[in-house]
Amino acid sequence: NRADEDLTESDSPLSKAMGFDGQQPSLQDQMDVEAELQRQKRRTEELIASCMADQGFAYIPNVPASEPVTYEAEGEVSDPIENAQQDGYGITTGYGSFGVPDEAARADPNLAITEAMSATELSAYTTALFGGPVQNSEDGNADWAQNWELQGCTGLAFHEVNGRGVDTYMAVQDDPRWAELSAEMAALPSVAASDPRMLDLAATWSTCMFEAGFAFDTPNEAWESIDALVVTLVESTSGATGQRPSEEEITTVRQQEIEVAVADYTCREATDYEVERLRILFEIEQEFVDANAAEIAAYAAALEAAGS
């Protein structure tokens with residue numbers, strides 16, 4: 001079916017019902033967003049500096065110059081196999097410096113300020129900037145993450161620049177009226193994953209991977225295997241000593257990542273995995289949308305009103 005061959009994430013019936021059309025924005029829209037984000041970052045940093053000064057600390061607004069961004073042209077799709085041959089899943093490259101401050105961090109003008117502080121001074125400075133110590137409980141962590149008033153000058157500045165609309169939007173998401181609907185929506189990918197058609201598709205992909213020398217049941221399992229390797233490497237070398245993994249260790253994991261990722265995406269292409277996965281998921285989404293159209297429309301309207 002030609003229509004099925006052209007399926008992308010933007011064709012999601014649920015996203016469309018919620019008002020998220022998923023279409024790639026124009027190049028001008030992307031550049032406008034980039035400019036607005038830079039403006040918000042600058043204003044946030046200025047507010048942090050003012051707040052820190054009120055508490056007796058020096059803080060220099062840190063707004064790196066906006067670098068030119070290369071945008072994909074509308075409709076342009078990168079080749080996942082070619083990307084995998086270069087970067088694997090992007091996990092080892094994503095970890096970057098493996099805990100060592102990169103050039104951007106070293107360029108932070110506040111680094112010289114904090115490095116000159118005693119442990120006591122640094123503790124007070126960090127508390128003013130990010131808030132007090134988080135309780136060692138699940139509820140305590142949740143309180144800190146959800147309450148900007150506990151997040152020091154950073155939380156105050158972010159709330160001033162971005163938070164009022166975010167608070168309203170989150171209030172709608174947390175409204176008990178939408179709890180059941182939201183949970184059912186979030187569960188749809190899991191429903192699709194357990195669908196017999198999806199299980200058959202995963203088995204076909206798994207056979208392809210086995211022939212390539214890898215034993216995984218699903219693409220997600222392949223990705224998680226590499227992520228676990230990287231986490232183990234970082235924790236084993238930097239956890240107690242603060243040392244960075246050696247280039248040889250990083251290269252070894254990266255090579256394994258590339259091999260697994262190339263096989264994964266090659267098998268996805270050979271089995272039409274992504275197209276079939278989307279077709280199955282979207283059929284399940286459409287059934288859900290048809291059965292809950294009025295409630296979904298009301299929820300989408302409430303979210304849109306909160307975000308306006």
Side-chain angles (χ1 to χ4, degrees), residues 1-37 39-40 69 71-78 80 90 142 145-148 158-159 161-199 201-202 218-220 223 268 272-308:
N1 187 310
R2 182 63 198 170
D4 282 351
E5 290 178 8
D6 292 335
L7 280 179
T8 67
E9 295 286 353
S10 65
D11 295 310
S12 164
L14 182 59
S15 292
K16 291 180 179 179
M18 288 295 294
F20 310 136
D21 61 20
Q23 297 300 316
Q24 181 174 337
S26 68
L27 297 184
Q28 184 59 53
D29 286 344
Q30 293 179 64
M31 288 186 285
D32 289 345
V33 167
E34 190 72 23
E36 175 60 17
L37 290 175
R39 186 197 68 77
Q40 291 180 4
V69 179
Y71 299 103
E72 287 187 352
E74 190 169 353
E76 181 179 336
V77 179
S78 57
Q146 297 173 14
N147 187 348
W148 63 269
F158 182 85
H159 178 74
V161 175
N162 309 283
R164 302 184 194 282
V166 172
D167 288 346
T168 305
Y169 195 87
M170 290 297 293
V172 173
Q173 289 190 315
D174 293 339
D175 191 319
R177 288 179 298 170
W178 314 115
E180 184 176 353
L181 177 69
S182 180
E184 290 175 348
M185 289 166 56
L188 290 177
S190 295
V191 173
S194 61
D195 185 285
R197 295 169 297 175
M198 194 67 224
L199 296 177
L201 178 62
T218 65
N220 191 54
W223 183 93
R268 292 196 209 193
D272 289 329
Y273 188 93
E274 289 304 319
V275 170
E276 288 300 305
R277 178 185 69 82
L278 290 177
R279 183 178 62 79
I280 295 165
L281 173 61
F282 291 169
E283 284 184 12
I284 291 171
E285 285 187 358
Q286 189 62 62
E287 291 176 3
F288 181 82
V289 169
D290 292 342
N292 300 276
E295 193 174 6
I296 291 173
Y299 184 33
L303 288 172
E304 182 179 6
S308 62

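On a predicted model such as this, the values are computed, not experimentally measured, just so you know. Scope of the values below: all heavy atoms of this structure, side chains included, with no hydrogens, waters or symmetry mates.
Contact between A186 and P189 at its shortest, heavy atoms only, is O-CD, 3.3 Å. Minimum interatomic distance between A17 and A300 (heavy atoms only, all atoms of both residues): O-CB, 4.0 Å. Closest non-hydrogen pair, W178 versus E295, comes out as CZ3-O, 3.8 Å. Residue L199 comes nearest to S194 through the heavy atom pair CD1-O, 3.8 Å, listed as atom of the first residue, atom of the second, then distance. When all heavy atoms of P219 and R268 are compared, the pair lying nearest together is CB-NH2, 3.5 Å. Considering all non-hydrogen atoms of both residues, E276 and L201 come closest at CB-CD2, 3.5 Å.
The line from CZ of R277 to CG of L7 is 10.5 Å long, rounded to the nearest 0.5 Å. In this structure, CD1 in I296 is found 14.0 Å from NZ in K16, a value given to the nearest 0.5 Å. Between atom CE of residue M198 and atom OG1 of residue T218 there is a gap of 8.5 Å, rounded to the nearest 0.5 Å. The CD atom of E287 sits 10.0 Å away from atom CG of L188, with the distance rounded to the nearest 0.5 Å.
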(Q) I'd like to know whether D11 forms a side-chain contact (heavy atoms from CB on, under 4.5 Å) with L278, so could you lay out the CA-CA distance, the side-chain angles of the two residues, the decisive distance to 0.1 Å, and finally the verdict. (A) CA-CA 9 Å; D11 295 310; L278 290 177; over 6 Å; no
- [ ] Test F288 against L181 for side-chain contact (heavy atoms from CB on, under 4.5 Å), laying out the working first.
- [x] CA-CA 10 Å; F288 181 82; L181 177 69; 3.7 Å; yes
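For the pair M18 and L303, the minimum side-chain heavy-atom distance is below 4.5 Å.
Remark: side-chain polar atoms of E285 are paired, donor with acceptor, to backbone N or O of L14 under 3.5 angstrom.
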